[in-house]
Amino acid sequence: MNVIADNIDGAALESAWTEFDRIAKLRPITNDEEYDHTVALMNRVLDIMGESEQHPLAGLLELLAVMVNSYDNVHYAID
């Protein structure tokens, strides 16, 4: 049992996800097209954030960077 997860408002989460999905269309990266989309989204978030490391989108940027890095490590690894 996870107290944090148990206290999440499901309706609010669904509403937030639906709006985020409409805007970002973020999915796990499984091909180069999704990779390009995620990199473009990451670059847009960087443009919005500017130099602010405390920006509200910092967590999203970190998530996008992890996704891109994971795909890079599998598909574009340098030996």
So, for Trp17 and Leu26, which heavy atoms are closest and what is the spacing to 0.1 Å?
->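 Closest approach of Trp17 to Leu26, heavy atoms only: CH2-O, 4.0 Å.
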Between Glu53 and Ala58, which heavy-atom pair has the shortest distance, and what is it?
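What the structure gives for the nearest pair is O-CB, 3.7 Å.
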- Query: Taking a hydrophobic cluster as the set of Ile, Leu, Val, Met, Phe, Trp and Tyr residues connected by side-chain heavy atoms closer than 4.5 Å, whether directly or through intermediates, do Val45 and Ile23 fall within one such cluster?
  - Reply: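 Per the 4.5 Å side-chain linkage, Val45 and Ile23 are not co-clustered.
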In this structure, would Val74 and Leu63 fall into the same cluster of hydrophobic residues linked by side-chain contacts under 4.5 Å?
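Val74 and Leu63: separate clusters.
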For the [atom1] atom of [X] and the [atom2] atom of [Y], what is their distance to the nearest 0.5 Å?
{"X": "His75", "Y": "Tyr35", "atom1": "NE2", "atom2": "OH", "value": "10.5 Å"}
{"X": "Asp36", "Y": "Asp32", "atom1": "CG", "atom2": "CG", "value": "6.5 Å"}
{"X": "Asp47", "Y": "Met42", "atom1": "CG", "atom2": "CE", "value": "11.0 Å"}

- Any side-chain heavy atom of Val39 within less than 4.5 Å of one from Leu64?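 In short, these two side chains do not touch, never coming nearer than 4.5 Å.
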Is there a side-chain contact between Arg22 and Thr18 (heavy atoms, below 4.5 Å)?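 Sidechains of Thr18 and Arg22: no contact.
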With distance as the sole criterion, is a donor-acceptor pair present between the side chains of Asn31 and Tyr71 under 3.5 Å?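 Per modelled atom types, Asn31 and Tyr71 side chains form no pair under 3.5 Å.
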I'd like to check the side-chain hydrogen bond (donor to acceptor under 3.5 Å, both in side chains) partners of [X]; sequence neighbours left out, ordered by chain and number.
{"X": "Thr30", "value": "Glu34"}
{"X": "Asp21", "value": "Arg27"}
{"X": "Glu62", "value": "none"}

| request: Under the side-chain contact (heavy atoms from CB on, under 4.5 Å) rule, collect the residues that match up with Ile48, sequence neighbours excluded. | output: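 By the side-chain contact (heavy atoms from CB on, under 4.5 Å) rule, Ile48 matches Arg44, His55, Leu57.
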ask   = Rest of the hydrophobic cluster containing Val66 (Ile/Leu/Val/Met/Phe/Trp/Tyr, side-chain heavy atoms under 4.5 Å)?
value =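 Other cluster members: none.
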- [ ] Without swapping roles, check the side chain of His37 against the backbone of Lys25 for a donor-acceptor pair under 3.5 Å.
- [x]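 Yes, the answer is positive, given that a donor and an acceptor are paired below the 3.5 Å cut-off.
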Side-chain donor-acceptor distances from residues 7-14 under 3.5 Å, at least two apart:
unit_1	atom_1	unit_2	atom_2	d
Asn7	ND2	Val3	O	2.9
Asp9	OD1	Ala11	N	3.0
Asp9	OD1	Ala12	N	3.1

